[in-house]
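Note that the coordinates shown come from a computational prediction; the quantities given were computed from them, not determined experimentally. Whatever order the structure lists them in is the order used to number ligands and atoms, beginning at 1.
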Amino acid sequence: MNSKKSIFTRKRIVTLAIILALVVLAILAFDSRLLIRRYTIEAEEITNSIRIALVTDLHSCKYGEGQSELIEAVAAQNPDVVFLVGDIFDDVLEDTNTELFLAGIADKYPCYYVTGNHECWSGSYNFSVKMSILEKYDIPVLSGETMTLTVNGETINLCGVDDPHIYLVEPYDETKPKEYLDEYGNQMQDYTGRLNAVHEAVPNDNYTILLSHRPEFFDLYAEYDFDLVLCGHAHGGQWRIPGILNGLYAPHQGIFPKYAGGRYDAENMTMIVSRGLARETTWVPRIFNRPELVVIDLE
Ligand SMILES: [Fe+2]
C-alpha cells in the first residue's frame, strides 16, 4: 500500500515538474519585453568611439504611455546618433505611436531615416503624411542621398537608400524604362542603380555607413566598399530556437532566412540586421524573439 502511494506521489511530482517546465518555457518563448542588443565593431578610421542606436520595424507599436518605455530605453543608452531604418510607421495602423516616439527623440539626438516597404505600401497620400511627420521633427529622409556627418568629433559618410518598393509611391516617370514597374528583376535593376548613385557620391575615404531596410541584398552590398550596412525588415525570422535556429521565416527571404537578425561579415563590410520592434501588430507571434533596440559601438 505504502509503495503504491509513493509511486502515485512520485508521478504527481513528475507531472507537476513537467507542467511547470512547460509554463516557464512558454513564458520565455512568448516574452515580448524590449531587449537591448549590443554590438561592438572595430573601425580603424574612428579614433573616438561612436554609439549608434538602430531603430527598425516599430510598425507604430505601443511601448508604454506616450512611448515612454522606448524613449527611456534609447536615453539610457546615451547614443551619439539614432538611425531609423524603415517600417517605423505601418501601412495599416495609425501613426500616433510612431509620432510620439519621434517627438521623444528628435530634439535629443541627431536622427536619420530611410523608408521600409510598409511605408511604401501606404499609398501616395498616407506616405506623404508620414514624410511630413518626419519633416515636422526635422528628421532627414535619406532617399538616395549621401551626406557627411560629424558625430562625437568624427567625420563619417552616411548613405541612405529607399526600400525597393518605393516605386509604388514615386511619381510616375515616363523617362524610366517601362520594365521599371515590374516586380522582382527590374526592382533589383533599379536598386543597383540607387546603390551606385549613393556610392558614387561618397566624397572621401572616411568610414561609410549605408542605411537600407533590406538585409537580403547582402551580396550586392558587399560589391561596394561600404564599411557598415544597417538593416531591419526580417523581424528575426519570427520564430527562433536559441542556439539552433536563427529564424523560421522572413519576408523576401522565405523559410530558414540567412539574414534574419544579427551580425554578418563580408571581407570589407559588416552588416547588422535588427530583429526590430514590432510586437502586438504581428499576426504571427514572435517566439524566442524579443523585440530589440540595437546599440552599436564603433571604436
Ligand atoms: Fe519591412
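- The Fe ion (ligand 1) has an N, O or S atom of Asp87 closer than 2.8 Å.
- Residue His213: an N/O/S atom is found under 2.8 Å from the Fe ion (ligand 1).
- With respect to Asp95 and Lys130, a salt bridge is recorded, a charged nitrogen being found less than 4.0 Å from a carboxylate O.
- Of all N/O/S atoms in His233, ND1 sits nearest the Fe ion (ligand 1).
- Ion pair Lys62/Glu69 not flagged as a salt bridge, since none of the NZ, NE, NH1 or NH2 atoms sits closer than 4.0 Å to an Asp/Glu carboxylate oxygen.
- A cation-pi geometry, defined here as NZ or CZ lying under 6.0 Å from the six-membered ring centre and within 45° of its normal, holds between Arg279 and Tyr63.
- Cluster annotation: Leu93 is not connected to Ile88 through the hydrophobic network of ILVMFWY side chains, with a link wherever side-chain heavy atoms come within less than 4.5 Å.
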